[in-house]
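Chain letters run A, B, ... following the sequence lines, proteins first, then strands; residues in each count from 1.
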Amino acid sequence: DAMVIQNPRYQVTQFGKPVTLSCSQTLNHNVMYWYQQKSSQAPKLLFHYYDKDFNNEADTPDNFQSRRPNTSFCFLDIRSPGLGDAAMYLCATSRGDRLAGYEQYFGPGTRLTVT
Amino acid sequence: GQNIDQPTEMTATEGAIVQINCTYQTSGFNGLFWYQQHAGEAPTFLSYNVLDGLEEKGRFSSFLSRSKGYSYLLLKELQMKDSASYLCAVRDQFNKLIFGAGTRLAVHP
């Protein structure tokens, strides 16, 4: 089945220790998104790629970086995680065109704990 | 600014009907989505409205009034598995989704 896959599902890292979260998709969608969702809050868009074009949200901290080496994979790098970065990180994809309605398909998420 | 409001929590009885409201004020509007999210899981797509009116899909229906900045999600014949958070999201003029904080629905027997 075509899908969005995130690994790992649960990640524990230490304060200040770099961590990378990964997302892959078999949908061949050209847009990939990273969201941060804290408990009982709305998902917050961090950045997205339209093909290779990177689009950073204005309020995304510099501590968060992303890489998209090819259509299928996208990575979220947190350079120096703080306690406030503990959250669920959601990857999503979309076809990015009007005919598809821009519907976003979400992966299962990675829950990050910072100790 | 961008603002999407929905009730924080609702409770309902199995077999009943529940309506979850969403009001929005956004700088642009290119459609409204409803997503279902079970605890600890990813959001899953329920419905999409871009024109005024009611969209029906099985037990779930969604309504939109663009002039009022208002939508609702109607769930009929509630089942225990419908206990989840329901997220309202508006697609803005840049085709980004702006999410509400979600409505946590508890269905009890």
Side-chain angles (χ1 to χ4, degrees), chain A residues 1 3-10 21 23 25 27 29-51 53 55-60 87-113, chain B residues 1-10 20 22-51 55 57 60 62 64 83-106:
Chain A
D1 288 341
M3 57 199 310
V4 182
I5 303 160
Q6 289 188 246
N7 285 306
R9 294 291 307 277
Y10 301 90
L21 310 182
C23 177
Q25 54 131 340
L27 296 160
H29 285 170
N30 51 346
V31 190
M32 294 187 78
Y33 309 81
W34 279 106
Y35 290 87
Q36 178 193 64
Q37 187 179 26
K38 296 187 177 180
S39 182
S40 300
Q41 295 184 23
K44 177 181 177 299
L45 182 64
L46 296 173
F47 24 59
H48 74 280
Y49 277 93
Y50 197 115
D51 294 322
D53 291 336
N55 299 272
N56 198 31
E57 292 302 297
D59 57 354
T60 298
M88 175 77 89
Y89 289 88
L90 296 166
C91 174
T93 72
S94 75
R95 269 178 53 183
D97 65 75
R98 185 177 299 275
L99 288 176
Y102 298 95
E103 178 187 337
Q104 292 187 20
Y105 296 78
F106 285 84
T110 295
R111 182 164 297 283
L112 178 69
T113 301
Chain B
Q2 318 275 46
N3 199 42
I4 298 180
D5 287 318
Q6 40 181 142
T8 305
E9 289 185 356
M10 298 182 72
I20 303 174
C22 171
T23 58
Y24 62 88
Q25 290 176 309
T26 56
S27 53
F29 181 84
N30 273 324
L32 186 143
F33 291 81
W34 283 96
Y35 282 84
Q36 180 191 60
Q37 187 177 26
H38 284 98
E41 298 182 13
T44 55
F45 171 80
L46 288 178
S47 69
Y48 170 61
N49 294 69
V50 66
L51 299 176
E55 293 281 342
K57 192 190 276 189
F60 294 1
S62 56
L64 175 67
S83 294
S85 285
Y86 291 86
L87 302 170
C88 173
V90 170
R91 195 172 79 209
D92 69 9
Q93 72 270 37
F94 304 110
N95 294 316
K96 296 178 189 175
L97 284 184
I98 313 297
F99 282 90
T103 298
R104 199 159 47 248
L105 174 66

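- Proximity to chain B (any heavy atom under 4.5 Å) is shown, for A/P43, by both the backbone and the side chain.
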Open item on the list: One pair to check against side-chain hydrogen bond (donor to acceptor under 3.5 Å, both in side chains): A/Y35 and A/Q104. What are the steps and the verdict?
Closed with: CA-CA 12 Å; A/Y35 290 87; A/Q104 292 187 20; 2.8 Å; yes

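- When heavy atoms are compared at a cutoff of 4.5 Å, A/E57 approaches chain B solely by way of its side chain, counted from C-beta outward.
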Task: Check against side-chain hydrogen bond (donor to acceptor under 3.5 Å, both in side chains), B/S47 and B/E55 - done: CA-CA 8 Å; B/S47 69; B/E55 293 281 342; over 6 Å; no

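- When A/V31, A/L90, A/N55 are compared by the number of non-hydrogen pairs under 4.5 Å with chain B, A/L90 comes out ahead.
- Listed options B/E41, B/K96, B/R104 were ranked by heavy-atom pairs under 4.5 angstrom with chain A; first place goes to B/K96.
- Atoms CZ and CD, on B/F99 and B/Q2 in that order, are 13.5 Å from each other to the nearest 0.5 Å.
- Judged as a salt bridge (Lys or Arg N to Asp or Glu O under 4.0 Å), the pairs with a partner in residues 32-46 of chain A (not counting sequence neighbours) are, in order, A/K44-A/D59.
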